[in-house]
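These values consider heavy atoms only, across backbone and side chains, with no hydrogens, waters or symmetry-generated copies. Keep in mind that this is a model prediction, so the values were computed, not measured.
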Amino acid sequence: MALLNHPALAPSMSRLGTETAFAVLARARELEGQGRDIVHLEIGEPDFATPPNICDAAKRAIDEGHTHYGPSAGLPELRTAIAETAGGQRGITIDADEIVVTPGAKPIMYFAITALCGPGDEVLFPDPGFPIYESVIDFVGATPVPVSLRADTGFRLDLDELRDKISPRTKLLIINSPQNPTGGMLSPEDINTIGDLLADHHAYVLSDEIYGRVTYGEVKQASIAAHPSMRQRTIILDGFSKTYAMTGWRLGFGIMPRHLATALAQLQTNVTSCTASFVQIAGIEALRGPQGPCQAMVKEFKSRRDLLVDGLNRIPGITCQRPAGAFYVFPQIEGFGTDTDELAARLLQEAGVAVLAGSAFGKVGSDSLRLSYANSQENLHEAIGRIETWMVSAHS
Ligand SMILES: Cc1ncc(COP(=O)(O)O)c(C=O)c1O
């Protein structure tokens with residue numbers, strides 16, 4: 001990070017944050033290079049292979065010559081497929097020209113914040129939350145305003161705090177359900193309350209729904225775009241990375257009112273021109289093809305969640321909620337007399353388990369660790385055993 005203060009760089013670069021997951025992964029790989037055995041619970045990507053029908057569609061698309069530039073906003077056939085499926089899942093009508101397809105869903109964050117926010121604007125965002133939100137808010141010179149999520153309310157956004165923090169300068173509210181790093185979900189009632197709070201305001205909502213299909217049935221997934229007052233002020237962020245185990249393909253999309261779709265497509269023209277054409281063709285197969293592999297993946301994630309939550313709760317000093325979605329747990333750790341940055345570093349170095357410190361996601365979660373259960377049940381058992389042994393010996 002120090003390099004971002006190099007005198008040659010523009011001042012805004014010193015405000016750019018990062019995702020520590022990549023740094024921890026690099027450190028874990030370094031240890032593996034030295035012959036150490038590491039259980040990886042730091043990475044936020046499904047460990048499953050991309051379903052073969054999707055891979056075959058991409059291979060066919062290359063053979064058929066879909067290897068050239070396409071429209072900046074995405075191929076019309078994919079935008080139509082997204083409009084139909086995403087609209088059906090959320091109970092709203094979506095037109096293809098309200099969709100912008102991007103290389104991964106992350107650019108929607110960057111593009112939406114860049115298109116809407118600048119100095120003088122306040123942006124409300126979840127704390128703990130995905131670190132790139134605050135990074136980009138800072139980068140564009142807007143003011144980040146964190147809103148807390150706490151374990152005792154199932155990691156739902158604190159709606160009283162949200163009400164207090166909405167101001168005439170609020171330009172954007174970012175919500176994320178199911179949530180990274182906690183796995184928490186906003187209930188349909190929460191979503192409705194948020195929509196009511198903003199109904200007479202001018203603020204937009206960036207609704208990060210990337211984990212929207214990784215849910216376990218305890219809380220109903222709802223989108224704020226279905227709130228009657230919010231459809232024209234909501235940008236839905238979604239994509240293929242998590243639902244179809246396609247992180248490396250880089251395929252995501254945003255759904256937004258037309259005036260924003262035009263702006264985001266033009267940002268895309270300036271940055272990447274377009275998303276890879278054969279990857280988009282594979283995306284059509286993902287949406288229109290059999291959905292069995294995604295359902296099987298979610299079923300397996302649920303078993304792993306239960307295994308990990310039960311195992312962690314058996315370890316003295318660890319309290320772990322059972323989240324309703326995504327593939328993360330965010331247990332609170334007590335009694336180790338150290339901050340979770342040091343705890344995460346020692347778990348990696350001494351116990352061979354790679355996890356992330358809660359502080360990587362904001363101030364509120366700094367007493368927690370984030371563990372991803374995108375790993376086999378066997379490895380999760382191993383990780384629980386290693387953490388328990390390490391914690392018992394660290395205590396004695
Ligand atoms: C909350 C959240 N939003 C968006 C993304 C970005 O997804 P993609 O890999 O499609 O860019 C991630 C990835 O980890 C995420 O956790």
Side-chain angles (χ1 to χ4, degrees), residues 19 21 43-62 66 70-90 94 96 98-112 130 132 176-178 180 206-215 221 223 225 235-256 261 264-265 268 272 274-298 300-301 325-328 372 374:
E19 269 188 84
I43 279 301
E45 66 173 339
D47 53 315
F48 303 98
T50 305
N53 61 310
I54 301 174
C55 299
D56 290 343
K59 291 175 204 162
R60 265 197 318 275
I62 292 176
H66 295 281
S72 288
L75 295 176
E77 311 86 293
L78 176 60
R79 294 168 81 200
T80 301
I82 293 170
E84 285 171 19
T85 48
Q89 282 152 14
R90 293 166 177 87
I94 298 171
E98 295 176 295
I99 290 165
V100 179
V101 178
T102 43
K106 228 181 202 178
I108 294 295
M109 245 170 245
Y110 186 85
F111 291 164
F130 190 57
I132 300 305
N176 174 212
S177 177
N180 180 4
L206 173 60
S207 180
D208 186 337
E209 302 177 14
I210 192 91
Y211 297 99
R213 290 186 58 199
V214 187
T215 63
Q221 169 69 353
S223 174
I235 303 125
I236 296 172
L237 175 153
D238 200 348
F240 297 73
S241 297
K242 319 287 176 176
T243 310
Y244 297 102
M246 288 176 71
T247 46
W249 295 67
R250 311 311 298 135
L251 186 61
F253 57 88
I255 303 166
M256 65 208 82
L264 266 70
Q268 173 123 289
T272 67
C274 62
T275 306
S277 299
F278 55 89
V279 169
Q280 295 189 62
I281 304 276
I284 300 171
E285 171 62 24
L287 295 175
R288 300 228 192 262
Q291 302 298 302
C294 328
Q295 286 150 6
M297 202 162 69
V298 172
E300 172 61 17
F301 276 140
F327 37 74
Y328 308 109
S372 156

S.K.: Do any N or O atoms from the side chain of Ser372 and from the backbone of Ile43 form a donor-acceptor pair under 3.5 angstrom?
M.R.: yes
S.K.: Are Leu78 and Leu251 packed together at the side-chain level, in the sense that at least one heavy-atom pair is separated by less than 4.5 angstrom?
M.R.: yes
S.K.: Restricting to pairs with a member in residues 278-294, which pass side chain to side chain donor-acceptor pair (under 3.5 Å), not counting sequence neighbours?
M.R.: Asn53-Glu285, Glu84-Arg288, Arg213-Gln291, Tyr244-Gln291
S.K.: Under 3.5 Å, is there a donor-acceptor pair between the Ser177 and Glu209 side chains?
M.R.: no
S.K.: Has Thr275 got a side-chain atom pairing as donor or acceptor with Val101's backbone, closer than 3.5 angstrom?
M.R.: yes
S.K.: Can you give me the closest heavy-atom contact between Ala58 and Trp249, atom names plus distance?
M.R.: CB-CZ3, 3.4 Å
S.K.: Identify the two heavy atoms, one from Ala57 and one from Ala282, that lie closest to each other, and give their separation to 0.1 Å.
M.R.: CB-CA, 4.1 Å
S.K.: Test of understanding: with side-chain contact (heavy atoms from CB on, under 4.5 Å), list the residues that count as partners of Ala73, not counting sequence neighbours.
M.R.: Arg79, Ala265
S.K.: Does the side chain of Gln89 reach to within under 4.5 Å of the side chain of Ser223, using non-hydrogen atoms?
M.R.: no
S.K.: Show your reasoning for whether ring pair (Phe, Tyr, Trp, His ring centres under 6.0 Å) applies to Tyr328 and Phe301.
M.R.: CA-CA 10 Å; Tyr328 308 109; Phe301 276 140; 9.3 Å; no
S.K.: Is any side-chain heavy atom of Gln221 closer than 4.5 Å to one of Val214?
M.R.: no
S.K.: My understanding is that only residues two or more places apart in sequence, or in another chain, count here; which of them pass side-chain hydrogen bond (donor to acceptor under 3.5 Å, both in side chains) with Ser241?
M.R.: none
S.K.: Between CZ of Phe130 and CG of Asn176, what distance do you get to the nearest 0.5 Å?
M.R.: 8.5 Å
S.K.: Can you find a pair of side-chain heavy atoms, one from Met256 and one from Ile236, that are under 4.5 Å apart?
M.R.: no
S.K.: Using side-chain heavy atoms (C-beta onward) and a distance below 4.5 Å, is Pro178 in contact with Thr215?
M.R.: yes
